[in-house]
Amino acid sequence: ANCAVLLVPPLSWLFLRRAVRLSTIGYGALAFLGIALLSSPSLQVGGQQLLGDALALVTAVFYAAYLVAVAAARQRIGAAALALASSLLSSLALLLFVPLAGEKLLPAVAIDWIWLVGLAVISQVFGQTAIAHAMGRIPPTQAAIGLLIQAVSAAVFAWVLFQESMSGLQLFGGALVLIAITAGRL
């Protein structure tokens, strides 16, 4: 999904008719380079990873389209209503895939319900509403760059919580992402 930062500018220009500053494209490219460096130990192309790589690119296309669609919808609807509609529509669409994946629809034990409700509240209610709110205030190109903070945060949490180490190259990549996010907001 981190490739969405490269796809949002042309989609924003094409569908929203918003001019994209060259500096924003540059900050997006800098952030993408930072993400590549941050992810460098696990980057592998081809071989058995080819299907995963293809699915990751498809995810990036959907994520970029989502950001542009939310930006367009925010011109006509409030953040909370948009987040609710988005959550309901995506839940219904994904419901079709449950039988295909051979998964159960509902958790079988109480602790799984707690995790499910927690994920719903944190990621859907708070996360999607925050994204929808931001899309009413900043361009989707800037949001795509800013949302890369998730990868940097994940690396920091992995370091703090699970004692995962980061190389100098990964630290440099994380710094590039933070620089791009900050510079893109100036």
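Note that this is a predicted model, so its numbers are computed, not measured.
Of all heavy-atom pairs between A180 and L30, the closest is CB-CD2, 4.1 Å. The minimum heavy-atom distance linking S40 with L169 is given by the pair OG-CD2, 3.9 Å. The minimum heavy-atom distance between D112 and P107, with the atom names listed, is CB-CB, 3.4 Å.
Note: I111 CD1 to I114 CD1 = 4.0 Å, rounded to the nearest 0.5 Å. Taking CD1 of I181 as the reference point, atom CD1 of I149 lies at 4.0 Å (rounded to 0.5 Å).
Both V152 and W159 are part of a single hydrophobic cluster, where members link through side-chain heavy atoms under 4.5 Å apart. Put simply, L148 and I131 are part of two different groups of oily side chains (I, L, V, M, F, W, Y) that touch within less than 4.5 Å, one to the next. V160 is connected to M166 through a chain of hydrophobic side-chain contacts under 4.5 Å among Ile, Leu, Val, Met, Phe, Trp and Tyr, so both are in one cluster. Criterion: ILVMFWY side-chain heavy atoms under 4.5 Å apart, direct or through other members. Under it, F172 and I179 are part of a common hydrophobic cluster. Both L116 and L106 belong to a single network of hydrophobic side chains, linked directly or stepwise wherever heavy atoms of I, L, V, M, F, W or Y lie under 4.5 Å apart.
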Side-chain donor-acceptor pairs under 3.5 Å in residues 62-77, sequence neighbours left out?
unit_1, atom_1, unit_2, atom_2, d
Y66, OH, Q128, OE1, 2.3
R74, NE, A132, O, 2.6
R74, NH1, I77, O, 3.0
R76, NH1, A72, O, 3.2

Throw together a table of side-chain donor-acceptor distances under 3.5 angstrom for residues 10-28, partners on residues two or more places apart or in other chains.
unit_1, atom_1, unit_2, atom_2, d
R21, NE, S23, OG, 3.4

Mind listing the side-chain donor-acceptor pairs of residues 97-104 below 3.5 Å, one per line with the distance, residues two or more places apart or on another chain?
none

Could you list the donor-acceptor pairs under 3.5 angstrom formed between side-chain atoms of residues 82-91 and any protein atom two or more places apart in sequence or on another chain?
unit_1, atom_1, unit_2, atom_2, d
S87, OG, A83, O, 2.9
S87, OG, Q124, NE2, 2.7
S90, OG, S86, O, 2.9
S90, OG, S87, O, 3.2
S91, OG, S87, O, 2.7

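Residue pairs meeting the side-chain hydrogen bond (donor to acceptor under 3.5 Å, both in side chains) criterion with at least one partner in residues 139-149, sequence neighbours excluded, are Q142-R185.
Residues L105 and L95 meet the side-chain proximity criterion, which asks for heavy atoms closer than 4.5 Å.
No more than 12 heavy-atom neighbours from other residues, nucleotides or ligands sit within 6.0 angstrom of CD1 on I122.
In this structure L6 satisfies the side chain to side chain contact (heavy atoms under 4.5 Å, CB included) test together with F32, sequence neighbours excluded.
Applying side chain to side chain contact (heavy atoms under 4.5 Å, CB included) to V177 and the options I35, T182, L37 leaves one that passes, I35.
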